[in-house]
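Keep in mind that the numbers below use all heavy atoms, side chains included, and drop hydrogens, waters and symmetry copies.
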Amino acid sequence: MSLYSIPEANDFKKYSQDLLEKKPRLSLWQKKAAKELLQTVKRKQERLLWAVTGAGKTEMLFEALNFALLNQQRVCLATPRVDVCNELYPRLC
């Protein structure tokens, strides 16, 4: 088995303004989770956000995603199924 690696320029787009057109309304606990996620991204740490379907996980990510993209960091959202990607796409746009 072989492992191949391709060098990458890491030439990410530079954003000069906030990417959030409107901020989602979050409950008290969602706001707390969103704040912790933002701090996790700022500290370049890892965190698992685990909640039931419909709990607002995507909306809780918005501030952290905004910070990461404004700071030219990589962002990866992993999902278990294609239908989840199809559902996330319009919300992230």
Side-chain angles (χ1 to χ4, degrees):
M1 175 154 82
S2 299
L3 176 64
Y4 296 93
S5 175
I6 299 171
E8 182 184 2
N10 291 327
D11 188 22
F12 299 114
K13 183 175 179 176
K14 179 70 174 168
Y15 295 99
S16 59
Q17 63 185 23
D18 194 340
L19 300 172
L20 296 176
E21 290 180 9
K22 61 180 182 176
K23 298 187 186 217
R25 282 199 230 177
L26 301 175
S27 71
L28 178 65
W29 289 104
Q30 287 173 323
K31 287 178 187 175
K32 181 176 172 31
K35 184 177 179 181
E36 289 183 18
L37 288 168
L38 178 58
Q39 292 307 313
T40 299
V41 171
K42 287 181 177 182
R43 293 184 192 126
K44 298 185 179 183
Q45 296 176 327
E46 295 179 8
R47 180 173 297 262
L48 172 65
L49 178 61
W50 185 28
V52 299
T53 302
K57 293 179 294 292
T58 302
E59 287 74 15
M60 288 184 256
L61 289 172
F62 286 171
E63 289 286 345
L65 292 173
N66 186 56
F67 176 85
L69 293 173
L70 287 173
N71 288 279
Q72 296 180 292
Q73 296 176 354
R74 293 176 191 261
V75 173
C76 173
L77 294 178
T79 68
R81 301 179 315 274
V82 172
D83 63 311
V84 176
C85 294
N86 292 335
E87 184 182 314
L88 287 176
Y89 178 76
R91 290 160 63 197
L92 293 172
C93 285

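To the nearest 0.5 angstrom, Leu70 atom CG is 7.5 Å from Lys14 atom NZ. Note that OG1 of Thr58 is 4.5 Å distant from CG of Leu88, once rounded to the nearest 0.5 Å. Between atom NZ of residue Lys31 and atom CD of residue Glu63 there is a gap of 11.0 Å, rounded to the nearest 0.5 Å.
The cationic atom of Lys23 (NZ for Lys, CZ for Arg) does not lie both less than 6.0 Å from the six-membered ring centre of Phe62 and within 45° of the ring axis.
Look at Glu59 and Arg25 and you find no salt bridge, because none of the NZ, NE, NH1 or NH2 atoms lies under 4.0 Å from a carboxylate O. No salt bridge links Glu87 with Arg81; every basic N to acidic carboxylate O contact stays at or beyond 4.0 Å.
No path of Ile, Leu, Val, Met, Phe, Trp and Tyr side chains, each step under 4.5 Å between heavy atoms, connects Val41 with Leu20, placing them in separate hydrophobic clusters. Under the 4.5 Å side-chain heavy-atom criterion for ILVMFWY residues, a single connected hydrophobic cluster contains both Leu19 and Val75. Connection of Phe12 to Leu92 is not established within any shared hydrophobic cluster, with ILVMFWY side chains joined at heavy-atom distances below 4.5 Å, either directly or through further cluster members.
Between Asn66 and Leu38 there is no side-chain heavy-atom pair separated by less than 4.5 Å. Contact of the Leu37 side chain with the Met60 side chain is registered, since non-hydrogen atoms from C-beta on lie closer than 4.5 Å.
Taking a 6.0 Å sphere around CD of Glu8, one finds it holds more than 12 heavy atoms contributed by other residues, nucleotides or ligands.
With Gln30 contributing its side chain and Ser27 its backbone, the two residues share a donor-acceptor pair below 3.5 Å. Distance alone, capped at 3.5 Å, places no donor-acceptor pair between the Lys57 side chain and the Leu49 backbone. Remark: the backbone N or O of Gln73 is not paired with any side-chain donor or acceptor of Asn71 at under 3.5 angstrom.
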